[in-house]
Asker: 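This structure is in structure tokens; I'll ask about it shortly.
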2 protein chains.
Amino acid sequence: MPRGKNSGIPSNRPAPNCFACQWRARSEWCVLDDEDMSSLNDSKSNSTYRTGQLVYNQGDTCSGIFCISSGLVAIRKADEHGNTVLVRLCYPGETIGYRDFFADEDYTTSAEILEPAQLCFVDRKSVRKLLDRNPGLGLSFLRKVSSDLDAAEETILQSASHSVRVRFAHLLLALKDRYATVRDDGALQMRLPLSRQDIADMLGSRPETIARVINMLEKEEVAFFSGRTVVIPDLDPLLDEIEPPQNP
Amino acid sequence: MPRGKNSGIPSNRPAPNCFACQWRARSEWCVLDDEDMSSLNDSKSNSTYRTGQLVYNQGDTCSGIFCISSGLVAIRKADEHGNTVLVRLCYPGETIGYRDFFADEDYTTSAEILEPAQLCFVDRKSVRKLLDRNPGLGLSFLRKVSSDLDAAEETILQSASHSVRVRFAHLLLALKDRYATVRDDGALQMRLPLSRQDIADMLGSRPETIARVINMLEKEEVAFFSGRTVVIPDLDPLLDEIEPPQNP
DNA sequence: CGGGGGTTTGAGTCCGTTCAAAATACGTGG
DNA sequence: CCACGTATTTTGAACGGACTCAAACCCCCG
């Protein structure tokens, strides 16, 4: 069941300017000098994507890399039996598809839009040119892949040693940093960018189990869910999930 | 419970020569020209390690990278509660410690010797020099980290979608490529480089479970275990574990 | 207002874990 | 080379988390 069409539609809004990009300083491209940045700016194309669209599909040949200007992207990996996991979420400022680009392989994952997005695309040839002109760019991506690798290994460790409930607490705490706002009464509130299925895919579990865990958390008044909206009256109980209070 | 001392002992054997290294062609260093290779050869040091020794420890500061000349190395990751997983096995020709080196972080994993090994060490400054002189080296490592990342994501997918038994079958099939020999009667035989505990750590399981799975495999005559020695009379049943025979 | 997808709930089962003890293998020193 | 002590592996019994299958529910949208 394909979730959407492959290619974004050309943006009618003016294409973002790399120099003005608010993410520039934190992205891998920050090592480029003005001339190279200008070359990047000229060679990139820009598209708008709707929720559910596929940016690229596992198995497709990789012809360049994408940079997220706005929106949210899920990186999924599937096996031949249709089992899938959601490997990671990618936010504005992040580059996606670079792994397969640098490994010079077909895509080993799929990228799907979770929140309406605008992506820039830089084709193979342009990236190569920039890499040649600026060796620092390669090292910059090396740092990025290295940190992704550490995150992946962390995930392996987590799912080998913690229950779904604890992993879900971890996920909530990570999402709160990006999505939560503080209400008048001091409680945290956020709208999850993920369906129950997506949450399950991230935790290596099933939607039914997620529903049950949510049920328990509500009974214990740790967090309250209504659709995709979550209210967390107090962070401490959630933090205790991760690090049970010590009793020496 | 530390498993060994940290530093290897200086090799009494003549240090391996990078030019003569049998792994040269497949390693990341193969992009170096003769001059740079000679510089690498001069700046590296070499040590011998016994089984159980730690090459580096999670949390230590990373002061360079290691290259495996011979032996077998396990990369482990631990959390604050003492839970550990064995993230990956590293074989001769592979470089280890590069992830943390390139991310410029303290070690996020530990490296432990599983089979007596000889490692070369290249200090931070020398690696930097080589990276400066040869931008291709960075890209070469970029390819390596990228493939490690894919492997890690594959592990996440596997352990989310397959039973311990199936994952163990996967492991056996992977190990056989490197360790198995064909006996006179056509059966495959190998000596596992891993303890039951290590196998459990690789599969995100427990030694007891591994023992039970082994028990079942023997009852079903898929494979026979005696200590670390495994005999596999026929590969097909093992392959069926991974890809159950189709019935359309 | 009638689908239809996503979500929740229920019941039952199974895989894998935990804890404990027995058996075996292993390294070391005598 | 054997004996001993320790560590690893195996076995057993019991528990429990998470899965499966199935049905009911709900909400959003046409």
Side-chain angles (χ1 to χ4, degrees), chain A residues 1-4 50-52 74 81-86 112 114 158-169 171 191-220 223-230 241, chain B residues 1-4 50-53 74 81-86 112 114-116 158-169 171 191-220 223-230 241 244:
Chain A
M1 54 182 97
R3 295 183 183 232
R50 296 184 314 280
T51 298
H81 294 291
N83 302 308
T84 66
V85 287
L86 202 169
E112 183 198 322
L114 291 188
Q158 294 273 332
S159 58
S161 51
H162 293 307
S163 65
V164 170
R165 174 171 172 144
V166 172
R167 283 179 271 157
F168 183 58
L171 178 59
R191 186 171 169 73
L192 297 175
L194 301 166
S195 67
R196 307 293 140 122
Q197 178 67 63
D198 286 339
I199 295 172
D201 284 350
M202 283 202 78
L203 305 183
S205 180
R206 306 283 129 144
E208 298 95 318
T209 303
I210 303 302
R212 278 180 244 277
V213 168
I214 285 176
N215 203 331
M216 298 187 69
L217 291 177
E218 293 195 318
K219 281 209 182 88
E220 300 170 26
F224 300 92
F225 298 76
S226 165
R228 289 191 173 195
T229 300
V230 195
E241 297 284 335
Chain B
M1 57 185 92
R3 295 184 184 235
R50 295 185 315 279
T51 299
Q53 274 192 293
H81 294 291
N83 302 307
T84 65
V85 288
L86 202 169
E112 183 197 324
L114 291 188
E115 286 177 345
Q158 294 273 331
S159 58
S161 52
H162 292 307
S163 66
V164 170
R165 175 172 171 142
V166 172
R167 283 180 271 157
F168 184 57
L171 178 59
R191 187 172 170 74
L192 297 175
L194 302 167
S195 68
R196 307 292 140 122
Q197 179 68 62
D198 287 337
I199 294 173
D201 284 349
M202 285 202 77
L203 305 182
S205 180
R206 307 282 128 144
E208 297 96 317
T209 303
I210 304 302
R212 279 179 243 278
V213 168
I214 285 176
N215 204 332
M216 298 186 70
L217 292 177
E218 293 195 320
K219 280 208 183 87
E220 299 170 28
F224 301 92
F225 298 75
S226 164
R228 290 191 171 193
T229 301
V230 194
E241 297 284 334

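Just so you know, these numbers use all the heavy atoms, side chains as well, and skip hydrogens, waters and symmetry mates. Values in this document were obtained by computation on a predicted structure and should not be read as measured data. Within every chain, numbering begins at 1; the chains are lettered A, B, ... in the order of the sequence lines, protein sequences first and strands thereafter.
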Asker: Look for any protein N or O under 3.5 Å of an N or O in nucleotides 17-19 of chain D and output each such pair with its distance, or none.
Answerer:
unit_1: D:dA18; atom_1: OP1; unit_2: A:Val164; atom_2: N; d: 2.7
unit_1: D:dC19; atom_1: OP2; unit_2: A:Ser205; atom_2: OG; d: 2.9
unit_1: D:dC19; atom_1: OP2; unit_2: A:Thr209; atom_2: OG1; d: 2.4

Asker: Find the distance between CZ (A:Arg206) and CG (A:Asp201) and round it off to the nearest 0.5 Å.
Answerer: 8.5 Å
Asker: May I have the distance from B:Glu208 (atom CD) to C:dA23 (atom C1'), rounded to whole angstrom?
Answerer: 15 Å
Asker: Using whole Å, what does the distance between atom C1' of nucleotide D:dT8 and atom CZ of B:Phe225 come to?
Answerer: 17 Å
Asker: For nucleotides 2-7 of chain D, just jot down a letter per nucleotide in 5' to 3' order: B, S or -, based on protein non-hydrogen atoms under 4.0 Å.
Answerer: ------
Asker: When you measure from the side-chain N and O atoms of B:Asn215 to the phosphate of D:dT10, is any distance below 4.0 Å, counting only OP1 and OP2?
Answerer: no
Asker: Of all residues at least two apart in sequence or in a different chain, which pass the side chain to side chain contact (heavy atoms under 4.5 Å, CB included) check with A:Pro207?
Answerer: A:Gln197, A:Ala200
Asker: Can you name the nearest heavy-atom pair linking A:Ala160 to B:Gly204, along with the distance?
Answerer: CB-CA, 3.9 Å
Asker: Specify the separation, in whole Å, of atom CE of A:Met216 and atom C1' of C:dT9.
Answerer: 15 Å
Asker: What is the minimum heavy-atom distance between B:Glu241 and B:Val166, and which atoms define it?
Answerer: O-CG2, 3.7 Å
Asker: Give every donor-acceptor pair under 3.5 Å between a side-chain atom in residues 212-220 of chain A and any protein atom, sequence neighbours left out.
Answerer:
unit_1: A:Asn215; atom_1: OD1; unit_2: A:Lys219; atom_2: NZ; d: 3.4
unit_1: A:Glu218; atom_1: OE2; unit_2: A:Phe225; atom_2: N; d: 2.5
unit_1: A:Glu220; atom_1: OE1; unit_2: A:Arg165; atom_2: NH2; d: 2.6
unit_1: A:Glu220; atom_1: OE2; unit_2: A:Arg165; atom_2: NH1; d: 3.2

Asker: Between the axis at one end of the helix from C:dC1-D:dG30 to C:dG30-D:dC1 and the axis at the other (five pairs apiece), what's the angle to 10 degrees?
Answerer: 40°
Asker: Measure the spacing between CG of B:Asp198 and CD1 of B:Ile210 and express it to the nearest 0.5 Å.
Answerer: 10.5 Å
Asker: For B:Arg196 and D:dT8, give me the distance from atom CZ to atom P, rounded to whole Å.
Answerer: 13 Å
Asker: Would you mind reading off the distance between A:Ile214 atom CD1 and C:dT7 atom P, rounded to a whole angstrom?
Answerer: 9 Å
Asker: Return the set of residues passing side chain to side chain contact (heavy atoms under 4.5 Å, CB included) with A:Arg167 (not counting sequence neighbours), or none when no residue passes.
Answerer: A:Ser159, A:His162, A:Val164, A:Leu203
Asker: Is the shortest side-chain heavy-atom distance between B:Pro193 and B:Arg228 below 4.5 Å?
Answerer: no
Asker: Rounding to an integer number of Å, can you tell me how far A:Phe224 CZ sits from C:dT8 C1'?
Answerer: 18 Å
Asker: Of the nucleotides D:dT9, D:dA22, C:dT7, which one has an atom closest to the side chain of B:Ser195?
Answerer: D:dT9
Asker: What nitrogen or oxygen pairs link the protein and nucleotides 25-30 of chain D at under 3.5 Å?
Answerer:
none

Asker: Round to the nearest Å and state the distance from A:Leu194 atom CG to C:dG6 atom P.
Answerer: 14 Å
Asker: Separation of B:Arg50 atom CZ from C:dG27 atom P, in whole Å?
Answerer: 13 Å
